[in-house]
Amino acid sequence: MTGTAQNRPNAAASSGEDSRRPAPWQRMAAGGGLLDPSGQLRSTVFEEMTALARRTGSVNLGQGFPDFNPPAEMVAAAVDALHAGHHQYAPIVGVPALREAVATHQREHYGLDVDPDGQVIVCAGATEGMTAALLSLLQPGDEVVVFEPHYDLYGAVVEFAGATTVPVPLLPPAFVPDPDDVRAAFSPRTRAVILNDPHNPTGTVASREFKQQLVELATEFNAVILTDEVYEHLRYDGPHEPIAQLPGAAGRTLSVSSAGKTFSATGWRVGWVSGPRDLVRGVTAVKTYLSHSAAAPLQHAVASVLTSPTGFYERLLEDYRERRDVLVSGLHGAGLNPPMPEGTFFAVADVSDLYPLAGVQDAEGLAHHWAETVGVVGIPVSAFVGPGNRGLYSDWLRLAFCKRTDVLRGAMAGLVASV
Ligand code: GLN
């Protein structure tokens, strides 16, 4: 008896399909925007645009990763850590040196007190930190307030958990939400609110009033504040002010950050979560069964630079300010009028003035046109938005400026010449 429907494993089940309802992976893919209109799985917009840049030989201002090396002392520390024999599992919560460095960093930069034992957990990038935090909190039917446009992971993990996102638009051109919309998004079903500050993709920084309102609403509805602060050291007009600093916030806030952006090492996958003990305990339980532990030698290397290098953060910011100014003045030279990024390594611009010349109808069309004719790739902001609010952002393009200034100058010269 072979090949009958009765004795074969159910073909649909074994391929992860279920005719009755979407499989968990399908919820995750749909939540992250990875299902095309016909239901086919596609890669992330970041990978797609990187592939487009490769194919067209364009400068890749799409996926946000530096084209320069991390600080030499951090690379040297990683080599030392390899030679020192850090080849086996790190503790699940992270090596003590890095947890202590994170606690010191939070205290020295922000005056936040977290105990390295129990209030800090190291993860495989901020990605795992956010994922473990969300999975530790969410039940089916819960709601998570998010601000659109937002990074794809938030929707992916929330949907995977059987919860739903409640999106509040950050209104262009200032990308500030309407406080009434913010209030209306909270309900007794709200389990968490995600704040990404400084903000990818818009390059804005959350105002004190906005953060204050979130703390008040999170308190009223007993929600957890999940704050993604991976761009904390790319803040151009004053120090980063984490939401956890606000009165009443620290006891309900999980702060997520990483080494990737600050130390130009997005491939190292070293991140961390800090916050109140009871919430970090939940993150730890989930994280145990995701990656178990992040790469041991790299944790040691990050620990060696996170708190020590005097002047490092200032130099980082100076370099990035120059890159930002090259990009923004190039965009002005091309007839665009982008808001000045206050943080992150992203600028956004309303590109609608360029449609007639390019023969396109939206920023997505222009992104492809630029790749083919100008040699510059950006990402349409609509890729960071669910269907409901997508129309608000169809004229906006995101450009990453985490590239060498000569590369940015070349890209902008090409752009200016093309208009
Ligand atoms: N965070 C980076 C960006 O927004 C890269 C993200 C990714 O490749 N998943 O461009």
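Order of appearance sets the numbers: ligands from 1, and atoms from 1 within every ligand. Residues: numbered from 1 along the sequence shown. Computed from heavy atoms alone, side chains included, the values below leave out hydrogens, waters and symmetry copies.
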| field | Partners meeting ring pair (Phe, Tyr, Trp, His ring centres under 6.0 Å) with Tyr89 (sequence neighbours left out) | value | His292

Below a 4.0 angstrom heavy-atom separation, can you tell me which part of [X], side chain or backbone, both or neither, approaches ligand 1?
X: Met49; result: neither
X: Asn200; result: side chain
X: Tyr231; result: side chain

Please state whether [X] comes within less than 4.0 angstrom of ligand 1, counting heavy atoms only.
X: Lys261; result: yes
X: Phe346; result: yes
X: Phe345; result: no

| task | Consider only side-chain N and O atoms of Gln40 and Ser38, and report whether a donor and an acceptor are under 3.5 Å apart. | result | no

| query | Going by distance alone, is a donor N or O of one side chain under 3.5 Å from an acceptor N or O of the other, for His332 and Ser329? | reply | no

| note | Asp180 and Asp178 have their tightest heavy-atom pair at N-OD1, 2.8 Å

| note | Nearest heavy-atom contact between Asn200 and Thr344 is N-CG2, 4.1 Å

| For atom 8 (O) of ligand 1, which protein heavy atom lies nearest, and how many Å away is it? | Gln63 NE2, 2.6 Å

| field | Nearest non-hydrogen protein atom, atom 9 (N) of ligand 1 | value | Tyr151 OH, 2.9 Å

| field | Sub-3.5 Å N/O-N/O distance, Gly64 and ligand 1 | value | yes

| query | Atom CG of Leu399 and atom CH2 of Trp370: how far apart are they, to the nearest 0.5 Å? | reply | 5.5 Å

| NZ/NE/NH1/NH2 to OD/OE distance under 4.0 Å, Arg55 and Glu372 | yes

